[in-house]
Amino acid sequence: MANFSKSTVPQFSVEVYQNEYLPEGGREVNAIVTVTSTGGGTTGRRALTGAPAATALPGRGPDAAVVIMVDCSGSMDYPPTKMRNARDATSAAIDTLRDGVAFAVVAGTHVAKEVYPGNGALAVADAATRAEAKNALRKLSAGGGTAIGTWLGLTDRLLASADVSIRHGILLTDGRNEHETPEDLRAALEACAGRFTCDARGVGTDWVVKEVTGIASAMLGTADIVADPAGLAADFTEMMENAMGKEVADVALRLWTPVGVEIKFVKQVAPTVEELTGRRTQANTRAGDYPTGSWGDESRDYHVCVQVPEAGVGQEMLAARVSLILPAADGTSRVLSQGLVRAVWTDDMVASTSINPQVAHYTGQAELAQVIQQGLEARKSGDFDGATAKLGRAVQLAADSGNADTAKLLSKVVDVVDAATGTVRLKAKVADADEMTLETRSTKTVRVKK
């Protein structure tokens with residue numbers, strides 16, 4: 001929980017984009033809520049000090065703990081360079097730790113073992129402990145199975161020993177979670193959710209996309225593929241830099257609605273699509289909290305959809321109030337910022353049928369993520385007509401929204417005949433890395449064009 005006395009809390013702002021006008025009898029209200037935090041994270045530190053991301057402001061102790069989980073299962077020996085790349089990447093991440101950050105390294109197989117510092121403790125980063133930790137990495141060797149739930153459980157216990165606000169995990173795996181049941185992994189994720197955030201990476205092409213993305217989603221972190229193990233060091237460095245830029249954890253998006261208003265869904269739509277509706281925890285009679293995880297200097301967009309009671313022309317109401325809430329250990333909480341979602345009934349057809357550009361854009365981006373996943377599933381199952389239709393629609397949506405990165409990934413899986421109409425042909429042969437990259441990154445979105 002947050003310590004309100006700290007001066008490192010970023011400044012939050014909330015902006016609401018919507019068409020508040022409804023036709024007579026209209027009930028569905030959509031709004032895009034843009035949340036921006038400034039002055040607390042990596043960008044702010046660089047601007048204030050000119051220092052790199054791994055440097056702390058003078059006189060301020062970092063309020064963070066990080067555990068790196070390295071897959072050491074037998075498959076990490078094929079090819080032998082994979083284990084060496086993993087060691088090098090972990091070493092690079094350790095070099096990126098700020099002085100004063102608590103940290104540990106865990107080796108993951110069918111069991112979880114502490115590599116450094118050991119004895120159920122965390123080390124405090126400085127020149128000496130970083131050198132010791134990197135030396136301990138030389139002992140890492142491949143052998144055994146994969147049970148990721150045990151890695152998460154040990155990480156949770158280690159992070160819980162630190163009196164800090166920011167608790168973060170970095171998880172690397174190269175294979176399938178074959179040595180525990182899906183129920184075991186799900187139970188571990190449920191036990192750890194809300195206790196720390198976790199970024200997950202799959203290296204090579206022998207892991208399961210839904211496992212890795214599911215871990216990151218449950219733990220409010222990022223997921224990605226590192227198809228070539230040689231790219232691990234750069235990826236780990238970037239992940240750790242981002243973790244070091246977080247300044248406040250446990251921020252919640254609180255949605256208050258008046259009597260008669262029903263919440264249809266709440267989802268993050270940028271920088272990735274993330275369903276939050278089912279993660280609601282009741283704050284009071286009329287309000288619920290949706291977790292957003294840790295924040296530094298960054299901006300995210302959320303799509304809120306509510307159903308209001310029918311009303312006549314000329315009437316208006318507050319459909320929802322959106323607040324950013326920072327809870328404290330003593331049970332109190334601070335409202336960091338808030339915005340209002342309104343409903344106004346009108347007989348002006350132009351006003352009531354106009355779709356807000358932000359709402360339209362992110363509705364398309366959410367559909368883009370969905371049809372990519374559906375198209376790839378259809379392709380895997382042999383439904384090539386269905387795959388062609390879904391991936392063609394994805395090409396069309398990517399082109400319409402200017403999502404060039406996703407369009408490029410799609411072009412590795414389909415031959416684009418006409419992007420504007422979504423006319424495509426499935427490629428006869430697709431590299432596993434290209435298909436997995438598209439699936440893993442399918443939820444990445446672009447911001448609405450101003």
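For clarity, every value in this text was computed on a predicted model and none was experimentally measured. Keep in mind that the numbers below use all heavy atoms, side chains included, and drop hydrogens, waters and symmetry copies. Numbering starts at 1 and runs along the sequence shown.
With respect to Phe12, the side chain to side chain contact (heavy atoms under 4.5 Å, CB included) criterion is satisfied by exactly one of Val251, Thr36, Leu326: Val251.
In terms of modelled atom types and a separation under 3.5 Å, the side chain of Asp156 and the main chain of Cys192 share no donor-acceptor contact.
In terms of heavy-atom proximity, Thr237 sits nearest to Ala92 at OG1-CB, 3.4 Å. Between Leu220 and Pro291 the shortest heavy-atom distance is CD1-CB, 3.8 Å. Between Thr109 and Cys72, the shortest heavy-atom contact is CG2-O, 3.4 Å. Taking each heavy atom of Val16 and Ala31 in turn, the nearest pair found is CG1-CB, 4.0 Å. The two residues Val212 and Ala223 make their nearest non-hydrogen contact at O-CB, 4.1 Å. When every heavy atom of Leu140 is checked against every heavy atom of Ala107, the shortest pair comes out as CD2-CB, 3.9 Å.
Residues Thr277 and Lys264 have side chains not in contact (no heavy-atom distance under 4.5 Å, counting atoms from C-beta outward). Side-chain contact check for Arg300 versus Trp295: some heavy-atom pair is nearer than 4.5 Å. By the 4.5 Å heavy-atom criterion applied to side chains, Met69 and Cys198 are counted as neighbours. In this structure, the side chains of Trp207 and Asp71 stay at 4.5 Å or more apart for every pair of heavy atoms. Put simply, the side chain of Glu298 does not reach to within 4.5 Å of the side chain of Asn242, judged on heavy atoms. Residues Tyr116 and Lys134 are not in side-chain contact: their nearest non-hydrogen atoms beyond the backbone lie 4.5 Å or more apart. Two residues are said to be in side-chain contact when any heavy atoms from C-beta on lie closer than 4.5 Å; Val266 and Arg279 fail this criterion. Inter-residue side-chain proximity for Leu410 and Leu438 is flagged as met; some heavy-atom pair is nearer than 4.5 Å.
With no hydrogens or angles considered, a side-chain donor-acceptor pair links Asp199 and Thr222 at under 3.5 Å. Checking Thr146 against His179 by side-chain atom types alone, no donor-acceptor pair falls below 3.5 Å. Between the side chains of Asp184 and Thr181, a donor-acceptor pair is found at a separation under 3.5 Å. Counting only N and O atoms by type, the side chains of Glu274 and Ser217 include a donor and acceptor under 3.5 Å apart.
We find that Arg393 and Glu367 are joined by a salt bridge, their nearest charged nitrogen and carboxylate oxygen being less than 4.0 Å apart. With respect to the salt-bridge test (charged N to carboxylate O, under 4.0 angstrom), the residues Asp434 and Lys429 do not qualify. Under a 4.0 Å N-O distance rule, the pair Asp224/Arg441 qualifies as a salt bridge. One finds no salt bridge joining Asp405 and Lys444 here, because no Lys/Arg side-chain nitrogen approaches an Asp/Glu carboxylate oxygen to under 4.0 Å. Salt bridge Arg157/Glu114: absent, no basic N to carboxylate O contact under 4.0 Å.
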field: Evaluation steps, side-chain contact (heavy atoms from CB on, under 4.5 Å), between Leu152 and Thr155
entry: CA-CA 5 Å; Leu152 294 167; Thr155 296; 5.5 Å; no

task: Run the numbers on Thr197 and Lys246 for side-chain contact (heavy atoms from CB on, under 4.5 Å), then give the verdict.
output: CA-CA 11 Å; Thr197 55; Lys246 303 300 185 184; over 6 Å; no

query: Stepwise, does the side-chain contact (heavy atoms from CB on, under 4.5 Å) test hold for Phe236 with Thr96?
result: CA-CA 9 Å; Phe236 266 44; Thr96 311; over 6 Å; no

Stepwise side-chain contact (heavy atoms from CB on, under 4.5 Å) test for Val124 and Thr129: CA-CA 7 Å; Val124 177; Thr129 56; 5.7 Å; no

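Here the CZ atom belonging to Arg87 is positioned 10.5 Å from the CZ atom belonging to Arg138, to the nearest 0.5 angstrom. Taken to the nearest 0.5 Å, the OG1 atom of Thr150 stands 9.0 Å off from the NE2 atom of His110. Distance OH/Tyr302 to NZ/Lys267: 14.0 Å, rounded to 0.5 Å. Here the straight-line distance linking atom NZ of Lys390 with atom CD1 of Ile372 works out to 12.5 Å at 0.5 Å rounding. Here the CD-CG distance, from Gln373 to Leu368, works out to 9.5 Å after rounding to the nearest 0.5 Å. Atom NE2 of His303 sits about 10.5 Å away from atom CD of Gln18, to the nearest 0.5 Å.
Atom CD1 of Ile355 is surrounded by 12 or fewer heavy atoms from other residues, nucleotides or ligands within 6.0 Å. Crowding of Tyr78 atom OH: a count of heavy atoms from other residues, nucleotides or ligands under 6.0 Å not exceeding 12. Other residues, nucleotides and ligands contribute over 12 non-hydrogen atoms within 6.0 Å of the CG atom of Asn284. The number of heavy-atom neighbours closer than 6.0 Å to NZ of Lys408, taken from other residues, nucleotides and ligands shown, is 12 or below. Within 6.0 Å of NZ in Lys427 there are more than 12 heavy atoms belonging to other residues, nucleotides or ligands.
Partners of Arg379 by salt bridge (charged side-chain N to carboxylate O under 4.0 Å, His left out), not counting sequence neighbours, listed by chain and number: Glu435.
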